[in-house]
K.L.:
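Would you mind keeping the following structure in view while I ask a few things?
Quick caveat: nothing in here was measured; it's all calculated off a predicted structure. The figures that follow rest on heavy atoms only: side chains count, while hydrogens, waters and symmetry mates do not.
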Amino acid sequence: MKRDPNDLQRYTASERANHWVVGISFILIALSGLALFHPAFWPLSMLFGGGVWTRILHPFLGVLMAVSFAAMAVRFWKLNVMTPTDWEWLKRAKEMVNGDDHNMPIMGKYNGGQKILFWALVVCMALLFVSGILIWRAYFSGFFPVGVVRLGAVVHAAVAAVMIALIFVHVYAAIWVKGTIRAMWYGTVTRPWAKQHHRAWYKEMTGK
């Protein structure tokens, strides 16, 4: 895609690469995790070479996602600190859902909904990582009491379900707000898009 010189850069190449590593590893982890979670999903294990390889690869993919997500969180956490304007945006989010976002509070690079989602994913990732260590039989579960391992398994499954739901929300929102997906494909957004959805960031980028 040829870049329009009037477009604004929203993400660098390294930021986009970081995002896609997290996204692709999440898809693989979700599919392999579902295969291990319930017999109805067992056919998904064929994507990874069968049950044995699914069990081997799932935790290593988890480590890849955790490390890449941690790198992404370090990049973006300052931009996701909640402000009074963000809470006001959340109170009025119904207006935006109803298709009227012209009177919403002026947002910076991320709005209140995006920030809440970011921190929810941070909490989920931390819980998945810790509980994953507890139930990783090949290396760590032998160091913990059986009761703790069982609790870890329950927490891991429950948080994984929550995280899958959050990612569905994330993807749906990106598709719903026209012009958003190109930011992660090409790193740019149009000026009208930025001015409408993130006016404070638009002013910061353009000085207008």
Side-chain angles (χ1 to χ4, degrees), residues 11-77 79-80 110 114-175 180-187:
Y11 297 109
T12 65
S14 63
E15 289 170 342
R16 300 198 308 276
N18 194 169
H19 175 272
W20 286 114
V21 170
V22 173
I24 292 171
S25 59
F26 172 80
I27 292 171
L28 295 174
I29 290 166
L31 292 174
S32 58
L34 287 171
L36 298 172
F37 177 71
H38 193 276
F41 299 113
W42 185 249
L44 293 173
S45 65
M46 296 300 102
L47 296 172
F48 303 91
V52 173
W53 274 108
T54 301
R55 290 182 181 279
I56 292 173
L57 292 174
H58 180 78
F60 285 104
L61 289 169
V63 172
L64 172 63
M65 183 174 72
V67 171
S68 54
F69 183 89
M72 191 166 67
V74 169
R75 288 176 184 268
F76 296 120
W77 76 268
L79 292 170
N80 284 280
Y110 300 113
Q114 290 171 309
K115 291 181 178 182
I116 288 293
L117 178 64
F118 173 85
W119 291 113
L121 290 173
V122 167
V123 172
C124 284
M125 186 62 70
L127 290 173
L128 282 176
F129 182 78
V130 172
S131 60
I133 292 295
L134 293 176
I135 63 176
W136 196 348
R137 293 184 179 277
Y139 298 102
F140 303 108
S141 65
F143 295 103
F144 304 101
V146 173
V148 173
V149 175
R150 289 174 176 171
L151 177 61
V154 174
V155 170
H156 199 74
V159 175
V162 172
M163 191 165 185
I164 289 173
L166 291 175
I167 294 300
F168 270 112
V169 172
H170 175 58
V171 173
Y172 177 79
I175 295 172
T180 300
I181 293 179
R182 62 174 287 175
M184 269 304 164
W185 280 118
Y186 307 109

K.L.:
So which atom in Ala35 and which in Trp42 form the shortest heavy-atom distance, rounded to 0.1 Å?
P.N.:
O-CE3, 3.1 Å
K.L.:
Calculate, to the nearest 0.5 Å, the distance between atoms CG and CD1 belonging to Leu166 and Ile116 respectively.
P.N.:
11.0 Å
K.L.:
If you count every heavy atom of other residues, nucleotides or ligands that lies below 6.0 Å from Trp77 atom CH2, does the total exceed 12?
P.N.:
no
K.L.:
How long is the span from the CG atom in Leu36 to the CZ atom in Arg55, to the nearest 0.5 Å?
P.N.:
5.5 Å
K.L.:
Does Val122 reach the side chain of Trp119, with side-chain heavy atoms less than 4.5 Å apart?
P.N.:
yes
K.L.:
Applying side chain to side chain contact (heavy atoms under 4.5 Å, CB included), run through Leu28 and Phe48 and close with a yes or a no.
P.N.:
CA-CA 9 Å; Leu28 295 174; Phe48 303 91; 4.1 Å; yes
K.L.:
Answer whether the closest heavy-atom distance between the side chains of Asn18 and Ser68 falls below 4.5 Å.
P.N.:
yes
K.L.:
Begin from the C-alpha positions of Arg150 and Val154 and carry the test side chain to side chain contact (heavy atoms under 4.5 Å, CB included) through to its verdict.
P.N.:
CA-CA 6 Å; Arg150 289 174 176 171; Val154 174; 5.9 Å; no
K.L.:
How far apart are the closest heavy atoms of Ser32 and His58, and which atoms are they?
P.N.:
OG-ND1, 2.7 Å
K.L.:
Leu61 and side chain to side chain contact (heavy atoms under 4.5 Å, CB included): which single residue from Ile29, Ile24, Leu31, Ile56 fits?
P.N.:
Ile29
K.L.:
Is the NE2 atom of His19 crowded by more than 12 outside heavy atoms at less than 6.0 Å?
P.N.:
yes
K.L.:
Go through Leu121 and Phe69 one step at a time and tell me if the side chain to side chain contact (heavy atoms under 4.5 Å, CB included) criterion holds.
P.N.:
CA-CA 9 Å; Leu121 290 173; Phe69 183 89; 3.9 Å; yes
K.L.:
Can you see which heavy atom on Ser141 is nearest to which on Arg137, and at what distance?
P.N.:
OG-CA, 3.0 Å
K.L.:
State the CD1-CG distance between Ile164 and Leu34, to the nearest 0.5 angstrom.
P.N.:
5.0 Å
K.L.:
How many angstroms lie between atom OG1 of Thr54 and atom CG of Leu44, to the nearest 0.5 angstrom?
P.N.:
9.0 Å
K.L.:
Using 30° and 60° as the class limits, which term best fits the ring planes of Phe76 and Tyr11: parallel, tilted or perpendicular?
P.N.:
perpendicular
K.L.:
Go through the structure and list residues passing ring-ring contact (aromatic ring centres under 6.0 Å, His included) with Trp53, not counting sequence neighbours.
P.N.:
none
K.L.:
Nearest 0.5 Å please: distance from the CE atom of Met72 over to the CE atom of Met125.
P.N.:
7.5 Å
K.L.:
Which pair of non-hydrogen atoms, one from Ser25 and one from Leu64, has the smallest distance, and what is that distance?
P.N.:
CB-CD2, 4.2 Å
K.L.:
Restricting to pairs with a member in residues 129-162, which pass ring-ring contact (aromatic ring centres under 6.0 Å, His included), not counting sequence neighbours?
P.N.:
Phe60-Trp136, Trp136-Tyr139, Trp136-Phe140
